[in-house]
Novice: 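I'd like to ask some things about the structure below.
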Amino acid sequence: MDPSTLLGPVDQLEPYIEFVILGLVALNMAARALAHRRHVSQADEGGAEALSRHPVHHLSNALLVLASFYYATVQPHAGTVMSVLVVGAVLSDIFEFEARKVEARKEEPLERPKAALFSSTLVLLYALYQTLFFLVKPLWTSVI
């Protein structure tokens, strides 16, 4: 069995996986903004018990994790770094949601998910670096 066709039709994405990940990161950040707006309105209406996770944000997290793991099979070094950053962003999302629930229980105004925003910004920067490296490559190779 040829290892380059391990996942069948998914392997057709291999030349475009960096662009797919960049798109998923952008989708994830947009879904995070929608989820935060929804959490604020839910907390205003019903308190901590009304807070629920946003399904689009959940789906974008899952797709981003799967894409980064697939990227690790295509490019081991860059994929591993991307996977670590993505898993960190997902974990910060989990803890930020719990922090919003605590704030809602205390009847405080909900803060922005700062840790999740920071970790997703790191993921975005690394995805941009991986995707747009071909623009920097001539300068990079002349220096190093």
Novice: With rounding to the nearest 0.5 Å, note down the distance linking CG in L110 to NE2 in H36.
Specialist: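 Between L110 CG and H36 NE2, I get 6.5 Å after rounding to 0.5 Å.
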
Novice: So, taking the atom named OG in S92 and the one named CZ in F97, what distance separates them when rounded to the nearest 0.5 Å?
Specialist: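 Here the rounded value is 14.0 Å.
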
Novice: Check for a donor-acceptor pair, side chain of S83 on one end and backbone N or O of S68 on the other, with a separation under 3.5 Å.
Specialist: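 Between the backbone of S68 and the side chain of S83 there is a qualifying donor-acceptor contact (under 3.5 Å).
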
Novice: Answer yes if M29 and L64 sit in the same cluster of Ile, Leu, Val, Met, Phe, Trp and Tyr residues linked by side chain heavy atoms under 4.5 Å apart, and no otherwise.
Specialist: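 Result: yes, single cluster for both.
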
Novice: Classify the side-chain pair Q130/Y126 by whether it contains a donor and acceptor separated by less than 3.5 Å.
Specialist: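 Checked: Q130/Y126 side chains pair up, N/O donor to acceptor below 3.5 Å.
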
Novice: Indicate yes or no for a side-chain donor-acceptor contact from H54 to the backbone of R38 under 3.5 Å, with no hydrogens or angles considered.
Specialist: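 Flag not set: sc H54 to bb R38 has no pair under 3.5 Å.
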
Novice: Looking at L24 and A67, what are the two nearest heavy atoms and their distance?
Specialist: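 The answer is CD1-CB, 3.7 Å.
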
Novice: Can L22 be reached from L135 by stepping across I, L, V, M, F, W or Y side chains whose heavy atoms are under 4.5 Å apart?
Specialist: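 Linked, L135 and L22 end up in one cluster.
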
Novice: For the side chain of E45 and the backbone of A50, is there at least one donor-acceptor N/O pair under 3.5 Å apart?
Specialist: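 Judged by distance alone, no pair lies under 3.5 Å.
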
Novice: With rounding to the nearest 0.5 angstrom, report the CG to NE2 distance, L27 to H57.
Specialist: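 Between L27 CG and H57 NE2, I get 10.0 Å after rounding to 0.5 Å.
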
Novice: Kindly assign one of parallel, tilted or perpendicular to the pair Y129 and F133, based on the angle between their ring planes and the thresholds 30° and 60°.
Specialist: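 The arrangement is perpendicular - the two ring planes meet at more than 60°.
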
Novice: Hey, any chance L128 and V81 share a hydrophobic cluster, counting ILVMFWY side chains that come within less than 4.5 Å of each other, even indirectly?
Specialist: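 Yes.
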
Novice: Any chance you could measure H58, atom NE2, to N28, atom CG, to the nearest 0.5 Å?
Specialist: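 Spacing of NE2 (H58) from CG (N28) equals 12.0 Å.
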
Novice: I'd like to know if the side chain of E18 and the backbone of A127 have a donor-acceptor N/O pair within less than 3.5 Å.
Specialist: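 Between the backbone of A127 and the side chain of E18 there is no qualifying donor-acceptor contact (under 3.5 Å).
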
Novice: Using side chain to side chain contact (heavy atoms under 4.5 Å, CB included) as the criterion, point out the one residue from V87, V90, L85 that pairs with V123.
Specialist: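 The single option meeting the side chain to side chain contact (heavy atoms under 4.5 Å, CB included) with V123 is L85.
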
Novice: Which pair of heavy atoms, one from G79 and one from Y71, lies closest together, and at what distance?
Specialist: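 Between these two residues, the closest heavy atoms are CA-CD2, 3.5 Å.
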
Novice: Carefully, step by step, assess E108 and V102 under the rule side chain to side chain contact (heavy atoms under 4.5 Å, CB included).
Specialist: CA-CA 9 Å; E108 296 176 356; V102 169; over 6 Å; no

Novice: Counting only heavy atoms not in R53, do more than 12 fall under 6.0 Å of its CZ?
Specialist: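 Yes, because the 6.0 Å sphere around CZ of R53 holds more than 12 heavy atoms from other groups.
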
Novice: Might you point out which heavy atoms bring E103 and P109 nearest each other, and give the distance in Å?
Specialist: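 Looking at all heavy atoms of both residues, the closest pair is OE1-O, 4.0 Å.
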
Novice: Would R100 and E111 count as a side chain to side chain contact (heavy atoms under 4.5 Å, CB included) if you check the C-alpha gap in whole Å, the side-chain angles of each, and the deciding distance to 0.1 Å?
Specialist: CA-CA 7 Å; R100 300 300 79 84; E111 291 185 13; 4.2 Å; yes

Novice: According to a 4.5 Å side-chain heavy-atom criterion applied to Ile, Leu, Val, Met, Phe, Trp and Tyr, with indirect links allowed, do V136 and F19 form part of one hydrophobic cluster?
Specialist: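 V136 and F19: separate clusters.
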
Novice: Identify the two heavy atoms, one from L139 and one from S142, that lie closest to each other, and give their separation to 0.1 Å.
Specialist: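 For L139 versus S142, the nearest heavy atoms are O-OG, 2.7 Å.
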
Novice: Might you point out which heavy atoms bring A116 and D93 nearest each other, and give the distance in Å?
Specialist: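 Closest approach of A116 to D93, heavy atoms only: CB-OD1, 3.2 Å.
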
Novice: Is any NZ, NE, NH1 or NH2 atom of the basic residue among K101 and E98 found under 4.0 Å from an Asp or Glu carboxylate oxygen of the other?
Specialist: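 No salt bridge links K101 with E98.
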
Novice: Please report the interatomic distance CZ(F118) to OG1(T121), rounded to the nearest 0.5 Å.
Specialist: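 F118 CZ to T121 OG1: 8.0 Å, rounded to 0.5 Å.
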
Novice: For A104 and A43, which heavy atoms make the closest approach, and how far apart are they?
Specialist: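 The pair with the smallest heavy-atom distance is CB-CB, 4.2 Å.
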
Novice: Treat each ILVMFWY residue as a node, draw an edge where side-chain heavy atoms are under 4.5 Å apart, and state whether L91 and V25 are in one component.
Specialist: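 Yes.
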
Novice: Hey, could you give me the OG1/CG distance between T131 and L124, rounded to the nearest 0.5 Å?
Specialist: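 Between atom OG1 of T131 and atom CG of L124 there are 9.0 Å.
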
Novice: Step by step, work out the side chain to side chain contact (heavy atoms under 4.5 Å, CB included) result for N61 and V65.
Specialist: CA-CA 6 Å; N61 274 342; V65 167; 5.6 Å; no

